[in-house]
Amino acid sequence: MKSFSRQQKQLVLLLAPATLFLGIFFIGPLLIMAVYSFLEPGLYGGVEWNFYHWNYGRVLGWADGFYEEFDLVYLEILARSAGLALATTLLTLLVCYPAAFWISRMSTRGKALCLFLITLPFFSSMIIRLYAWILILRDSGFANQILDALGLISEPLGLMYSSTAVVIGMIYIFVPFMFLPLYSSVEKIDGKLIQASQDLGAAPLTTFRKVILPLTLPGVIAGSVLVFIPSLGNFVVPSMLGGAKVVMIGNLVEQQFLYARNWPFGATLSMLMIVSMLVIVSFYLFKVMKNQPQS
Amino acid sequence: MSERNSAPDFLKIKNAMRHFQTPEGSLVKALDGINLTIAQSEFITLLGPSGCGKTTLLNIIAGFERLDSGKILLDNSPLLELPAHKRPVNTVFQSYALFPHLNIGDNVGYGLDIHGVAKQERNKRVAEALEMVGLQGVEKRRPTQLSGGQQQRVALARAIVNRPKMLLLDEPLSALDRNLRMKMQIELKNLQAELGICFLFVTHDQEEALTMSDRIVVLNGGKVEQVGTPDEIYHRPASRFVSEFIGESNIFSGTVSRCENGLALVNADGSEIVCQSQQLRVGQPVSLLLRPEHFQLVAGSPASGTSSQAMIQARLQQSVFIGRDHQLHCQMANGQPISALIRSAMAAVQPGQAIELHYDPAAVHVIPAAAQQSADEEAA
Amino acid sequence: MKGLISAVTSSKRLSKTAALACLGLSGLALSSTTLAEQTLNLYNWGDYINPEVIERFTAETGIKVTLDTYSSNEEMLAKLQAGATGYDIIFPSVHMQDVMTSLNMLEKTNINKAPGFENILKDHLIAESDPKGEYCLPYAWGSVGIVYNKKLVPELNSWQEFFALPSQGKKITLLDDMREDIGIGLIMNGKNVNSTDSQDLKAAQQFLLDQKPNISALTYDTIPMVQSGDIAAGHYYVGAMMYVNEDPDTLAYVIPKEGATMYQEDMCVLKSAPNKSNARKFMEFFLQPEISAMNTIQQTNGSVNKAAISLLPAAMRDNPNMNPPVETMEKLQVFKDLGKGIKLYDRVWTKFRTAS
Ligand SMILES: Nc1ncnc2c1ncn2[C@@H]1O[C@H](COP(=O)(O)OP(=O)(O)OP(=O)(O)O)[C@@H](O)[C@H]1O
Ligand SMILES: [Mg+2]
């Protein structure tokens with residue numbers, strides 16, 4: 001009994017720093033943001049401590065004060081960000097799924113090399129890597145030069161500042177986030193299960209649908225969450241490779257906090273993002289729990 | 001052996017070859033010219049030491065592995081052209097390979113679902129298959145919620161529910177404890193009789209092979225050493241390898257010194273063994289097999305009695321009680337160890353005592369020379 | 001976004017030497033920590049001061065200078081509002097200076113009494129909150145015009161010609177900046193760039209929306225793209241002259257004849273400054289014409305100091321795009337703070353960027 005209570009004490013002591021850290025640096029700012037989202041914006045940034053109900057209505061399109069008109073523009077931005085995030089998620093999945101199978105079948109050395117190469121980009125700044133893409137994609141860039149030299153094109157493809165460039169950049173940035181969880185679940189699949197499915201008469205596609213997909217689903221979901229959430233807030237890629245011609249929810253938040261000097265509205269948009277991500281993550285946790293065979 | 005009815009050449013394997021490249025760069029001959037014919041409702045066992053190619057052969061029939069050269073006909077139609085999922089054979093895996101994300105009902109019903117069997121019919125067949133393997137009402141459980149033996153039965157049910165023409169079983173019992181294994185051996189045998197389909201069963205447990213099989217295929221180094229009924233394999237092994245691999249054996253090598261009255265006398269390093277002469281010629285080198293249970297014990301001095309029976313003189317070193325019988329470990333005058341199985345009631349002898357081990361010359365099996373030679377080469 | 005991009009390329013006021021200068025400065029800071037505690041902390045735009053100026057100041061006064069940088073007025077204000085302290089001198093644009101004055105953040109320095117202040121051009125005492133220069137010292141100014149590739153566009157003089165380029169298959173870019181882009185829309189409608197009249201802004205918005213399909217990008221990476229010919233012409237700061245001077249056969253900079261915006265930053269001392277007297281010393285130091293000229297030459301922007309202008313090399317002094325004549329100066333508009341009107345701009349900007 002005595003040792004048990006000592007263990008409890010130890011546990012509390014061990015958990016205290018993390019709890020405190022999270023409480024102060026995670027929950028705290030979140031609460032501030034939640035409160036700010038119901039306050040009036042200060043003229044030069046900051047907030048006025050008056051209850052203000054316009055912020056959430058404004059997201060839905062209602063005009064905030066006499067300068068504005070009803071306009072669905074913010075919902076449009078939300079939808080577009082979600083659309084890009086979804087497309088990024090699906091495309092990275094498409095790229096990573098076969099790659100994960102291919103790499104999981106390599107020799108130990110091949111695997112180590114591939115995993116190293118895939119994590120390599122983490123060692124350098126995203127901005128610098130995107131600049132490299134500008135050098136590749138622009139009309140006078142490497143891609144066009146090579147295609148031209150091969151005689152495949154007669155004039156530049158005009159990739160730079162296009163949605164193609166944005167998609168390429170997004171895939172490039174987010175592939176590692178999709179690949180790693182996916183790979184770990186693909187690697188765990190017992191090859192005998194695939195054989196068993198074939199043996200019972202399932203064609204390759206059926207085997208994929210009925211065995212491989214369900215078994216790698218935790219990896220698919222984890223990878224998708226890891227890609228979807230940051231790509232929803234990502235605006236660097238659309239700005240640098242897409243020419244900033246579209247607003248992403250991330251730009252909008254920055255715009256509100258800095259140039260529009262409307263902290264409460266920025267806080268409102270952030271709250272919406274955080275809440276929707278919490279929904280996504282809890283969906284994921286729920287899914288994973290359900291798939292876990294009870295023992 | 002049960003009735004080898006209908007098609008005696010249901011599965012025909014012709015000159016099957018399969019090589020593997022090892023990571024070190026050398027070639028392993030997993031299958032080295034296998035020829036085999038299997039009847040339609042036979043329980044046939046592949047037996048052999050680890051690495052002899054049993055799994056490889058099974059995988060090739062199932063379609064998980066390809067053949068370098070050779071032909072396989074199932075029911076007179078070429079099998080190798082078909083992809084794994086179109087072959088009318090099903091496999092029971094050693095590790096069971098149950099789908100962890102499906103419950104037992106869906107595991108067993110997997111093949112039926114693939115083939116679009118109507119729900120009612122499907123559920124009925126699933127229940128029947130589970131009943132056949134002695135598992136009822138577990139449809140809703142997950143594989144992890146079953147014991148090893150139960151999982152094994154589910155794997156069996158999942159395979160037979162599809163009514164395959166042939167069932168492949170790769171060491172399906174090796175993960176079970178001894179009692180359960182023996183029980184399952186009998187059940188499997190009964191199941192096979194009931195279904196009347198061909199079971200191709202892999203094991204490296206010779207006792208299991210002898211218990212269950214209609215015929216046994218002994219493999220060694222990718223080659224077929226012998227095909228025969230358990231009785232043939234046990235009593236008339238075709239090679240020294242088979243005789244040593246199956247059961248306990250006493251092997252005597254020597255040359256034929258005399259032939260008369262249909263009997264031959266073989267001089268094996270100083271001691272003489274009598275056997276039926278058959279086609280033996282004087283001066284011919286031979287190996288002879290005597291199983292431990294073929295000996296009878298006569299205690300006392302060598303001078304006692306005049307036996308028409310052949311016998312070996314030896315000195316008892318150790319006597320081990322193993323239930324109904326005693327196992328005697330003895331040594332011949334020339335130093336060769338010899339093992340005998342004697343009814344406990346008759347085994348009242350003390351270690352160090354000189355004994356006579358009598359045998360019937362008809363029980364002495366002459367290991368064929370050609371096979372013996374190749375076995376010797378293998379050993380070298 | 002701006003902050004991120006300027007981390008790699010040039011920020012608003014470009015200089016290749018800035019990164020090196022920062023390294024040099026921090027080295028200096030380390031080596032002199034044991035010496036006197038005399039320090040001065042600058043908080044400036046990235047690459048917006050000639051590092052030699054700072055070196056000279058330290059050499060003459062022994063005051064150790066640290067330099068932190070920001071990439072927008074708003075970033076600077078937000079940081080200070082959030083409680084950043086320790087900075088002595090900041091370099092706000094004039095409209096931000098007005099905001100900060102109304103927030104009571106700036107120290108009255110009476111710098112207009114200092115020797116050399118008479119050289120400051122009266123035309124550049126433009127902060128509404130400080131018409132006499134009692135608070136801040138005008139620092140530098142520049143126009144925001146067009147940089148173009150002469151090989152693709154032999155001559156360019158106006159916004160109209162600029163926006164006509166896409167119809168000839170030539171690509172153009174605008175800055176990724178709310179006030180600057182809406183400013184063009186207002187200028188093209190003959191309006192003031194500080195208008196908060198909703199009709200004016202509607203007109204500006206319409207102009208921008210009409211151009212949107214023709215605009216390749218909103219970006220600050222204009223120079224390399226124009227130089228490589230990927231972009232024919234781009235909206236950019238006068239700081240482009242640094243590259244024009246290096247590659248005059250390819251690049252050119254022009255102030256469009258319809259008019260343009262201009263920026264001006266003043267050197268201000270914070271109320272919270274820990275080293276006010278050192279800050280004053282630095283302002284006085286910068287009032288010296290040769291120091292001011294040294295800065296202008298390296299920055300390739302506009303000088304507010306007439307004695308310094310006379311010290312500039314002829315190529316700079318006589319270039320109408322760098323040192324514009326009075327008629328051009330009259331067409332350059334400076335941003336003022338918009339107060340509540342910023343909401344109007346925010347919506348126009350959001351609409352413009354959301355449009356396809
Ligand atoms: N994929 C492979 N690559 C290389 N060598 C292989 C491969 N599969 C099997 N082998 C080799 O082929 C030989 C036969 O293997 P197989 O698995 O058929 O043996 P087995 O008789 O089933 O043995 P066990 O009783 O241990 O299961 C072995 O030497 C094995 O190392
Ligand atoms: Mg095996």
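Below, chains carry the letters A, B, ... as their sequence lines are ordered, and counting in each starts from 1. Keep in mind it's a predicted model, so treat the numbers as computed, not measured.
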> Where does Met160(A) contact chain C at under 4.5 Å (heavy atoms): side chain, backbone, both or neither?
Replying inline: side chain

>> Report which part of Arg138(A) has an atom under 4.5 Å of a heavy atom belonging to chain C: side chain, backbone, both, or neither.
In response: both

> So, Tyr148(C) versus Phe162(C), ring centres under 6.0 angstrom or not?
Replying inline: no

> Below 6.0 angstrom between ring centroids: does that apply to Tyr74(A) and Phe265(A)?
Replying inline: yes

> Which atoms of Leu201(C) come close to chain A, meaning under 4.5 Å heavy atom to heavy atom: side chain ones, backbone ones, both, or neither?
Replying inline: neither

> Is chain C contacted by the side chain of Leu130(A), its backbone, both, or neither, given a heavy-atom distance below 4.5 Å?
Replying inline: neither

>> Report which part of Ile231(C) has an atom under 4.5 Å of a heavy atom belonging to chain A: side chain, backbone, both, or neither.
In response: side chain

> Looking at Glu76(A), Gln256(A), Arg261(A), which has the largest count of heavy-atom pairs under 4.5 Å with chain C?
Replying inline: Arg261(A)

> Where on Lys202(C) is there a heavy atom nearer than 4.5 Å to chain A: the side chain, the backbone, both, or neither?
Replying inline: side chain

> Do Asp346(C) and Arg58(A) pass the salt bridge (charged side-chain N to carboxylate O under 4.0 Å, His left out) test, and can you show the C-alpha distance, the side-chain angles, and the key distance before you say yes or no?
Replying inline: CA-CA 13 Å; Asp346(C) 176 36; Arg58(A) 193 173 176 216; 3.3 Å; yes

> Any idea which of Ala355(C), Gly339(C), Ala217(C) has the most non-hydrogen atom pairs under 4.5 angstrom with chain A?
Replying inline: Ala217(C)

> So with a 6.0 Å cut-off around CZ of Phe21(A), is the heavy-atom count from everything else above 12?
Replying inline: no

>> How close do Asn55(A) and Ser37(A) get, counting heavy atoms only, and between which atoms?
In response: ND2-O, 2.8 Å

> Below 6.0 angstrom between ring centroids: does that apply to Phe177(A) and Phe122(A)?
Replying inline: yes

